[in-house]
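In what follows, a single structure is set out as structure tokens and then discussed.
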Amino acid sequence: METIHQPQFPSDLTAVHVALFIDVFNAAALKARIVRAATLTGPEGDAEREALNFAFVDASLITSALHLQTAISQASLAAAQNTLRTKTVHSEILWALCPTNNISEAIRRYGISDTSKALFVVRVDSASVGDVEERMRGVVEGRVVPLSTLAELVDWQAVKKYNKLNTEPAVKKAANVDAEHAIIDNIVISSVASKGVMA
Amino acid sequence: MASSSTTPLTPTQVLLKSATIVSQGAEAKVYKAYLRHHGLGKTAISTRTGTGDVSDVQNNESSGSELDVAPVLIKYRFPKQYRHPSLDGSLTRARVAGEARALLRCLRSGVQVPGIRFVDATEGVLGIEWIDGKSVRMLLPGGAEAEDDEGVGPGDDEQVDEAEDEADEVDPLVEFGVSRDQLMSMIGTEIAKMHQADIIHGDLTTSNMMLRRETGDLALIDFGLAYHSTLTEDKAVDLYVLERAFGSTHPDSEPMFSSVLEAYQKYMGKDWNVVKKRLEDVRLRGRKRSMVG
């Protein structure tokens, strides 16, 4: 797990914990659990929601760590300015990643799905919160790997499709696969960063 | 200014406090900043206080993290006191959005421009990829003179002394592994790519182009005046503005500008003829069209 510090934000948003899980085998159950947690009431519901208080991001659509970090920054900014378009800073991360403005589509595509094998688990919180990795491991059944493992997990075809990049000159003219991936990465990062002003 | 010190600063204001200023113009200030840090707990980081004192934590390199630690360039369109606040707010938002949109269009069309990294339109902030390199203006003869009255391109700050020994006839281009002719042809090609995507830069000068130190690639910067247009007139005027900029900053610029046009022509193909004709018209009358008749 990596911890990133965003000192510019209010204290409840300064610490970002990110872990990459692969070989996840409880995706379907986890997704069902998240859906169920939303409707639970009383202290039991609060406890369950707290246990699942993470952003679960399907890793196959994330082109680089910076891509995810950009979405986290923009989501934190929206939270700090009280301009969240979704209910929490964690769902806002999924919304920031999605090229369209449709929240349920964002959650469906970029969030956990029954077939997810690799997941980013993200927690945006204050720096004082402890044992975050323990708690992530308690929810996701899989292996925690270094974030650089991401390079092998990206589904570039899906990234191109969702971001409508197949017909773009920049992508078509790329000299080789590595150059193409670098260009796509730069475009998707820029789209995430500027999503709020694109309208 | 007179803002009370008790109001907590917004995240973007805190970020700007921790940033180093690179240059300042009438429209915006340019900073170098880090959006995030690693190695939490290693350093006591003073977080937000009422006065917004933030120690500039620069322990990025030492933390051994594999995450991105690259700096960003922040273009901050500060509030203008001479405008009504609500007008100022909407103008600033529109301009940040416009610049971001132009950059994204360029990226998608394969024009070499810096990527966008952070946008806070309410505060007038656009964060873009930090380009390590020098502006083309500094790399051509005559460009290093009187540099303090012009907007300085990012990365130029440490280069001033070096550029001033220009009398020694050391071509600063050598360290980038690019010849002057290659540079001119890259300029022509990038502008042609941009025009093919129907983007007009609006302020083409040699200071608004940078050569990347690592790759020797050319990147166009400062899309603050950019707009979308399919008109030949606008493309011709864009070129004419560059021609004038070349002429006024660099001595003996004619051969340089003609190699720019040569590369432009090569990339534009059959679209070149109309632009060429229009450019000749524009040269005769200047960049503004006569409103008479």
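Within every chain, numbering begins at 1; the chains are lettered A, B, ... in the order of the sequence lines, protein sequences first and strands thereafter. Just so we're clear, the structure is a prediction, and the values are computed from it rather than from any experiment.
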When only heavy atoms count and the cut-off is under 4.5 Å, which of [range] reach chain B?
{"range": "residues 163-172 of chain A", "answer": "A:Asn163, A:Lys164, A:Leu165, A:Glu168, A:Pro169, A:Ala170"}
{"range": "residues 25-45 of chain A", "answer": "none"}
{"range": "residues 75-99 of chain A", "answer": "A:Leu77, A:Ala80, A:Gln81"}

Lys/Arg N to Asp/Glu carboxylate O, [X] vs [Y], below 4.0 Å:
{"X": "B:Arg105", "Y": "B:Asp198", "answer": "no"}
{"X": "A:Glu105", "Y": "A:Arg108", "answer": "no"}
{"X": "A:Glu2", "Y": "A:Arg123", "answer": "no"}
{"X": "A:Arg143", "Y": "A:Asp23", "answer": "yes"}

Quiz item: cation-pi between [X] and [Y], 6.0 Å / 45°:
{"X": "A:Arg109", "Y": "A:Tyr162", "value": "yes"}
{"X": "B:Lys80", "Y": "B:Phe78", "value": "yes"}
{"X": "B:Lys134", "Y": "B:Phe176", "value": "no"}

Between [options], who has the most heavy-atom pairs with chain A when the cutoff is under 4.5 Å?
{"options": "B:Leu16, B:Leu35, B:Val96", "value": "B:Leu35"}
{"options": "B:Gln196, B:Glu129, B:Arg117, B:Gln13", "value": "B:Arg117"}
{"options": "B:Ala121, B:Ala197, B:Gly127, B:Ser109", "value": "B:Ser109"}
{"options": "B:Thr122, B:Val111, B:Leu104", "value": "B:Leu104"}

Taking the side chain as C-beta and beyond, is there a heavy-atom pair between B:Ile221 and B:Val113 under 4.5 Å?
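Not touching, per the 4.5 Å side-chain cut-off.
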With B:His195 via ring-ring contact (aromatic ring centres under 6.0 Å, His included) - residues at least two apart
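Listed in chain order: B:Tyr264.
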For the atom pair [atom1] ([X]) and [atom2] ([Y]), what is the distance rounded to the nearest 0.5 Å?
{"X": "A:Ser104", "Y": "A:Asn102", "atom1": "OG", "atom2": "CG", "result": "4.0 Å"}
{"X": "A:Leu68", "Y": "A:Thr63", "atom1": "CG", "atom2": "OG1", "result": "9.5 Å"}
{"X": "B:Trp130", "Y": "B:Tyr34", "atom1": "CH2", "atom2": "OH", "result": "8.5 Å"}

Heavy-atom contact with chain A under 4.5 Å, split by part of B:Gln112
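Looking at B:Gln112, nothing touches chain A.
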Would you please say whether a donor-acceptor pair under 3.5 Å links the side chains of A:Thr70 and A:Ser73?
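Distance-only check fails for A:Thr70 and A:Ser73.
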Can B:Val14 and A:Phe9 be said to form a side chain to side chain contact (heavy atoms under 4.5 Å, CB included), step by step?
CA-CA 8 Å; B:Val14 180; A:Phe9 289 113; over 6 Å; no
Test side-chain hydrogen bond (donor to acceptor under 3.5 Å, both in side chains) on B:Asp120 and B:Thr12; report intermediate values, then the result.
CA-CA 8 Å; B:Asp120 181 354; B:Thr12 298; 2.5 Å; yes
